Amino acid sequence: MKRIALLGMPNTGKSTLFNRISGASARVGNWPGITVDLMSAKILLGGNIAELIDLPGIYDLHGFSEDEQVVRHFITNNPVNLLVVLLNSTQIDRQLSLLLQIKKLGFPIVLVLNMADEAKRAGITIDTESLSQTLGLPVIQISAKYGDGLPKALEAATTIINQQNTTTNPQSISLLLKEEHDIEHEMHELIQQHVQIPATLTDDSTDKIDKVLLHKWFGLPLFFAAMFLLFQFIFTVGAPIQDGLAWLLDLIRSELLNPLFSDSPKWLSGLMLDGIYNGVATVAAFVPIIILFFLVMSMVEDSGYLSRAAFLMDTIMAKMGLDGRGFVMMLMGFGCNVPAIMGTRIMRSRSMRLLTMLVIPLSLCSARMQVFIFMIAALFSPSHAPLVLFSLYVMSFFTMFLTAVLFQNQYKNTEPFILELPPYRFPTPRQIVLRGWHEVKHFLNRASKFIVLGVVLVWLLTNFPSNVAPASVETYAGQIGVFFAPILDPIGINHELAIALIFGFVAKEIVVGALAVIYGLQGDALMVQMATQIDWVQAMSFMLFTLIYTPCLSTIATIKNESKSTAFMWLSIIWSLGLAWIISFVFYQSARLLGY
Amino acid sequence: MQFLSQLKAGQQAVISAIEAEESLFHRLSALGFRVGKPLSIMRRASFNGPLHVRLGTTDVILRVTEANRIQINAI
């Protein structure tokens, strides 16, 4: 099978292009010589199947960041038939250096110039034909966002692949890579001859928006106001959908599943209905709100506003030994901690990477958000609900800042802070839909693995041994609860909640599912039952613990992979558990002392 | 001798020298910081925070520490 690698600088729309070509067939895979996973997809090219690999975005083939090393190791260990080099048309004057570095290594190349639409608006014209002749390789201008020019680019790739049956020789590339030539000079010549760039960009809408959003004094308050409004939007729109879905899932059980299982043995209907169905349905009711959350997150991410947040927050972050990029990772962590931790690869200083990785797992991810929405709906009045959720987000920032301040001396660093500020962009409906679909897939994937397995285990623990009353102290779950009582009683966490917390180690989605299984109820009935079992002080203590302790197994595995240190992984686990217990203890005991 | 860090918002300058270790030099030059290139300061964050600089078509933010490594001639 022919192998094609996709290479380009960050912010060139590389993932957009990859997603457009590969559709939804992409998968993650391992490659020789590198330790990180790369996305790849099988695509149909001129009647043959070819493999397309998405390499990380890099500025420089000779750079020192982890991504740059990954690309170097990939091309010196894996033969390829073709490199598709993707550059940003509007920044061709400096990005051409990457192409020339690669060309020197003798790769078969198709040069694809993305963001043709933006270049057109900015008044930049590129004579692709003459540039192609001088370079001696196909040059095609496209817009990955809208798909313009894409068929032409694929056609050029097909031609090269069909003509050429040999692959590159990794060893000779490895040798060539050692020599760096007069790239500066050649690049200068090329730009002078083939590209006209107006002195100032004609499209100044980004400047106008920046004047407001990056304002010396209003910039930061505006950012937090914008975030607050987005969250309000998610819950205002999401809550009714969630209620509707919960009602529907309840109806399916009472009208369809209950009659269906009425004749089957008691243990089977118990396992299927009280175990799997209750557990998974309770979690599934949150899917709409999570999708909405990720849609809004991805719009903010793609818009370029996050880089602005880095600019606004850098001064404060510097006081904690982190930088503006660390703040962006914290915000990304609100979606899911795993990609946020992987995002620290852009940092070159190991100390700063570790400090950022220690902080990110404290960020209130969407799975924890499910637990909170659920607990808040059960234990607090609707008028208090937004305030309680808001206080948990504040608490999340507080624990992150506290951790950074306490550990910054252990992880001292002099990492330079230089970041590109992309122009504001607005994602197309297609990008939004693809992203939403990706999240649904992700949930279904987790649901089929962790959640079903988790709720089945919880059901077994709460229903066996079979000669005792379900969910009583004599069951296995009850015994585990009794075992942990000396540590968990002082923070107000009862036996039922303890089981949910233990399974929450695997994934926070299981917590809500586990509670449904433990109480054998679902929907409104479950919430009413919980309100009779615990009071709001216990609920708050439980939420604080859930917020701070280790988010999930995937996060732990990612921390271990990225830090390449088992000791650091344990530090992260123990620190978060200890901090969770102390904060819950202080909260629970002082609330009780005050008479609540 | 004047450094990038000494410029005010709205000022323009030409880079005259970059003094940085190899890795930082690489990063700066990949983002377009090269001797002889003109740049302008778009804005500076409050409390001596990062600078927002425009070089040609590229906007970059960097800290005062890094801006101290870049010598310029103000226009």
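Quantities reported herein were computed from a predicted structural model and do not represent experimental measurements. Naming convention: chains lettered A, B, ... in sequence-line order (proteins, then strands); numbering from 1 in each chain.
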Can you tell me how far [atom2] of [Y] sits from [atom1] of [X], rounded to the nearest 0.5 angstrom?
| X | Y | atom1 | atom2 | result |
| --- | --- | --- | --- | --- |
| B/Leu55 | A/Asp93 | CG | CG | 10.0 Å |
| B/Glu66 | A/Phe417 | CD | CZ | 9.0 Å |
| A/Leu419 | B/Asp59 | CG | CG | 11.5 Å |
| B/Thr57 | A/Arg94 | OG1 | CZ | 7.0 Å |
| B/Ile61 | A/Asp314 | CD1 | CG | 7.0 Å |
| A/Leu421 | B/Met42 | CG | CE | 9.5 Å |

Does any heavy atom of chain B fall under 4.5 Å from the side chain of A/Thr414, the backbone, both, or neither of them?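 Neither part.
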A/Leu312, part contacting chain B, at a heavy-atom distance under 4.5 Å: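 Contact with chain B is absent: no heavy atom of A/Leu312 under 4.5 Å.
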Taking the side chain as every heavy atom from C-beta outward, state whether B/His52 and A/Asp210 have any pair of such atoms under 4.5 Å apart.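 Side-chain contact under 4.5 Å: yes.
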Taking all non-hydrogen atoms of both residues into account, name the closest pair between A/Phe311 and B/Pro50 and its distance.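 The answer is CE1-O, 3.4 Å.
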Taking A/Ala310, A/Pro416, A/Gly324, A/Gly219 one by one, which has the highest count of heavy-atom pairs under 4.5 Å against chain B?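 Of the candidates given, the most pairs with chain B belong to A/Pro416.
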Determine the option with the most heavy-atom pairs under 4.5 angstrom with chain B, choosing from A/Lys211, A/Gln95, A/Gln91, A/His215.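 Most heavy-atom pairs within the cutoff with chain B belong to A/Gln91.
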Take B/Arg63 and A/Asp323 through the test side-chain contact (heavy atoms from CB on, under 4.5 Å) and record every step on the way to the result. CA-CA 10 Å; B/Arg63 273 189 190 164; A/Asp323 67 21; 3.0 Å; yes
Only pairs of heavy atoms separated by less than 4.5 Å count here; which of B/Leu31, B/Val53, B/Val60 has the most with chain A?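 The answer is B/Leu31.
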Between the side chain of B/Ser46 and the main-chain N/O of A/Lys216, is any donor-acceptor distance below 3.5 Å?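 Yes: the side chain of B/Ser46 pairs with the backbone of A/Lys216.
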A/Phe218, CZ atom: more than 12 neighbouring heavy atoms under 6.0 Å: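 Counting neighbours around CZ of A/Phe218, 12 or fewer heavy atoms of other residues, nucleotides or ligands fall under 6.0 Å, so no.
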Can you tell me which portion of B/Leu51 sits under 4.5 Å from chain A's heavy atoms? Options are side chain, backbone, both or neither.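 Just its backbone gets close to chain A.
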Salt bridge or not for A/Asp207 and B/Arg54, using N-O below 4.0 Å?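 Result for this pair is yes, salt bridge flagged.
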